[in-house]
Structure formats: structure tokens, C-alpha cells
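Order of listing sets the numbers, starting from 1, for every ligand and every atom in it.
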Amino acid sequence: MTIPQRVFSGIQPSGVPTLGNYLGAIRNWVALQDRHECLFCIVDLHAVTVFQPPAQLIAQTREMAAALLACGLSPEKCVLFVQSHVPAHAQLGWLFNCIARIGWLNRMTQFKDKAGKDREAASAGLYVYPNLMAADILLYHATLVPVGDDQRQHLELANDIAQKFNHDYGVQFFPPIQPLIQGVAARVMSLRDGTKKMSKSDPSDQSRINLNDDNDAIAFKIRRAKTDPEPLPDDPAGLEGRPEARNLVGIMAAITDDLPENVLRAHGGKGFGAFKEELTEALVAHLSPIRERMNRLLRDPAALDAALHVGAEKAEALALPILARTMEIMGFLPRR
Ligand code: AQP
């Protein structure tokens, strides 16, 4: 008999979720909610590590909630909530700032990517972001974390924090975390550059498919997607050194629930023009019902807010005893 594991994952309301977020994360979350106790969090405290205009942050948070529900998350099956609604995340995040070592944070490649050349100008929040992410997970003693491949290093750091905490205080309190990196599309790449991941905050809208893109926008972006002059190969070995071709084949495989080798068996030898048309068709068939549900949900913001309120109450009830015990272990004087 397997012991049921508590699942936690988060997504930043830093834009409309992309096809990358969907194939790399959200779609797996929907499947997991039937098998595990799941918490899914709209991590707005992470989003503000880069400036978000206030009105936009509110709109994007609701948009994210609508997108997650439209993709199939159900408030009856999982706990869906907004990170800032449960202040215990920030509290445990601070405690973990005091456990994590600067040397560990210096190795985080996502910080280097996101801070770019002018590291001195990045926010301190962006630098300690992985500590808050560790807190998000460990606040619930979650042990299974479905993420895209890009988050693997942050989960290793979360495990380092848990281990150091347990070691320093001589306890076995925080459990080890296991990443769950699934599927052929664990990393969906930019449509403009096959070596860069697809991101909701990429300045180029052409680099990504947004979950609220209409059918014409999907067709346009796929038609414009960067490719190379060669036809598609017959097998995956032929994708070597062809990141854009690999990406489009990966997307086709993921969206049709198939394997890249089968996609290439069916399309090998074709030029990209014909393949892109079929890819557009598959994407439109899959994404247009999601977009329609999302737009319907956004027409009733009060109902969305109410669903998020219920989620926050449930999350907080799980989080507070774990935060209290953490503080007790660390020797904080309890408030009378
Ligand atoms: N391109 C991707 N392919 C596969 N998975 C992806 N994820 C993100 N991009 C891809 C997964 O989506 C989940 C939520 O991500 P996030 O919003 O917390 O942060 P992120 O990874 O930084 O995503 P973005 O879209 O790139 O956001 P911005 O542009 O704001 O930085 C994670 O599980 C992630 O792995």
C-alpha cells in the first residue's frame, strides 16, 4: 500500500498562463487532484519580485484563478488559493532566509537568468525567492511537488533547507520533498528561440501561446514560429541540433497525448508549412474550450474571489499548526 502524499505547487500571476505553464504544470495538477490531497497556490508574493503595476496584479491574479479553474482544477477536489491570503508563507519564508546559505542562493541559475546582466539592480526578493518557495511547500509538509524541469534546482535547495533545519535543531520535522517532473513537454520553449523557455513575461507576445489567445492568434503565432529549412526527420535522433523543430514536435506530442517518435513517424519528411497547420488544428481543438471557460469565469469576479477565500481558509487551517511548531522548535517565546 502506498502512503498518500500531500502535493503542493504554485504559479505566479505574472501574466496570462502560457502553453508552457499548461503542458509543464497545470495539466499535471488536474490529474493529481484525483489521486492526492493537493494544494495549488497563485504565488503573488513571488510575482512582485519583479515590479507589477498594482491594477495589473489584481487582474492577473483573477485571470490566473479563472485559467486554473478553466483547465479543470476543482475547488471540491483541491485547495486553490492566493499566497498572500495566507501570511504564514511570508513568515516561514523569513525563517528560511535565516536557514539558507548565501552560497546556495548564488548557485541558482534562475536568478542569474532573470536578473540578467545588471544583477545589482535586481530586487532582494528575486534573490531569496527560492527560500520563499521552500516555505510554500514545507508549510504544508507537502512531499510531492509537480513542476516543470526549470524548477528542479529550486527543489534541491528546498530539500537542503529542510535538512539543515532538521540537523541544526536536532529534529525530524520537515520531510524530504520529491519533484514530480512529468511528460514529454516538461520544458516548452519559446516560439522565437528554441533555446529559451516559453515564459508568460517574455517581452515578445509572439514567443508564446497564451491560454486566452483566440484561434487566429494561435494560428498566427504557430505560422510565425521559428523553424529551420530542413523537412521534419523520421525519428527523434534527427532533431539533434534543431531546437525549434524539437520544440514544435514536443508540443504536438504533448497536446495529442502521444510520443515524439510517433509524431515523427506520422509527419517525418513533411515541410514545416504542412506540419504547422496540423499543429494549429490540434492546439485550437484543445485550447479553445479552455479559453471559453476562462472568459465565462472572468465575467463573475465576485464568484472567483469567493472561491479563493474558501481556499485560503482551508490552506491556513493546515499551515498555522506547522508554522507554530516550527517557531516552537526554534525557540521563539510564544505570545500569551
Ligand atoms: N516553458 C515551460 N515549460 C514547461 N513548464 C513551464 N513552467 C513555466 N514555464 C514552463 C512551469 O509552470 C509552473 C509555474 O511557473 P511560474 O509561473 O511559477 O514561474 P516560471 O517558471 O518563471 O514561469 P514563467 O511562465 O516563465 O513565468 P515568468 O515569465 O513570470 O517568469 C512551474 O511549475 C514551471 O516549472
Give every donor-acceptor pair under 3.5 Å between a side-chain atom in residues 67-75 and any protein atom, sequence neighbours left out.
from	atom 1	to	atom 2	distance (Å)
Ser74	OG	Glu76	N	3.1
Ser74	OG	Lys77	N	3.4

With a 4.0 Å cut-off, would you call Arg208 and Asp213 a salt bridge? no
Lys/Arg N to Asp/Glu carboxylate O, Arg223 vs Glu277, below 4.0 Å: no
Is there any N or O on Tyr129 that sits under 3.5 Å from an N or O of ligand 1? no
Quick note on ligand 1: atoms under 4.0 Å from a heavy atom of Gln151 include exactly 21 (O), 35 (O)
Nearest option to atom 26 (O) of ligand 1, as decided by whichever heavy atom of Ala47, Ser190, Gly20, Ser199 sits closest: Ser199
With the threshold set at 4.0 Å, does a side-chain nitrogen-carboxylate oxygen contact exist between Arg101 and Asp160? no
Under a 3.5 Å cutoff, is there a donor and acceptor pairing between the side chains of Thr18 and Asn21? yes
Would you say Thr18 contacts ligand 1, with heavy atoms under 4.0 Å as the rule? no
With nothing but distance in play, are any N or O atoms of Met189 less than 3.5 Å from an N or O of ligand 1? no
Only heavy atoms of Gly10, strictly under 4.0 Å: list the atoms of ligand 1 that pass. 14 (C), 18 (O)
Run the ring-centre check on His36 versus Phe8 and record whether the distance is less than 6.0 Å. no
Who's closest to atom 20 (P) of ligand 1 heavy-atom-wise, of Arg208, Lys200, Lys197? Lys197
Close side-chain approach of Asp193 and Glu244, heavy atoms under 4.5 Å: yes
Taking non-hydrogen atoms only, is Arg187 closer than 4.0 angstrom to ligand 1 via side chain, backbone, both or neither? backbone
Can you list the atoms of ligand 1 that are under 4.0 Å from a heavy atom of Ala25? 12 (O), 13 (C), 33 (O)
Near Gly24, which atoms of ligand 1 are under 4.0 Å from a heavy atom of that residue? 4 (C), 5 (N)
Out of all atoms in ligand 1, which are within 4.0 Å of some heavy atom of Asn21? Include the element for each. 7 (N), 8 (C), 9 (N), 12 (O), 14 (C), 15 (O), 23 (O), 25 (O)
With the threshold set at under 4.0 angstrom, would you say Lys114 reaches ligand 1 through any of its heavy atoms? yes
For atom 29 (O) of ligand 1, tell me which residue out of Gly250, Ser201, Ser9, Pro13 has the closest non-hydrogen atom. Ser201
Give a yes or no on whether a salt bridge exists between Asp113 and Lys197, defined as a side-chain N under 4.0 angstrom from a carboxylate O. no
Validation: residues 322-336 side-chain donor-acceptor distances under 3.5 Å, sequence neighbours left out:
from	atom 1	to	atom 2	distance (Å)
Arg325	NH1	Glu328	OE1	2.9
Thr326	OG1	Ile322	O	2.7

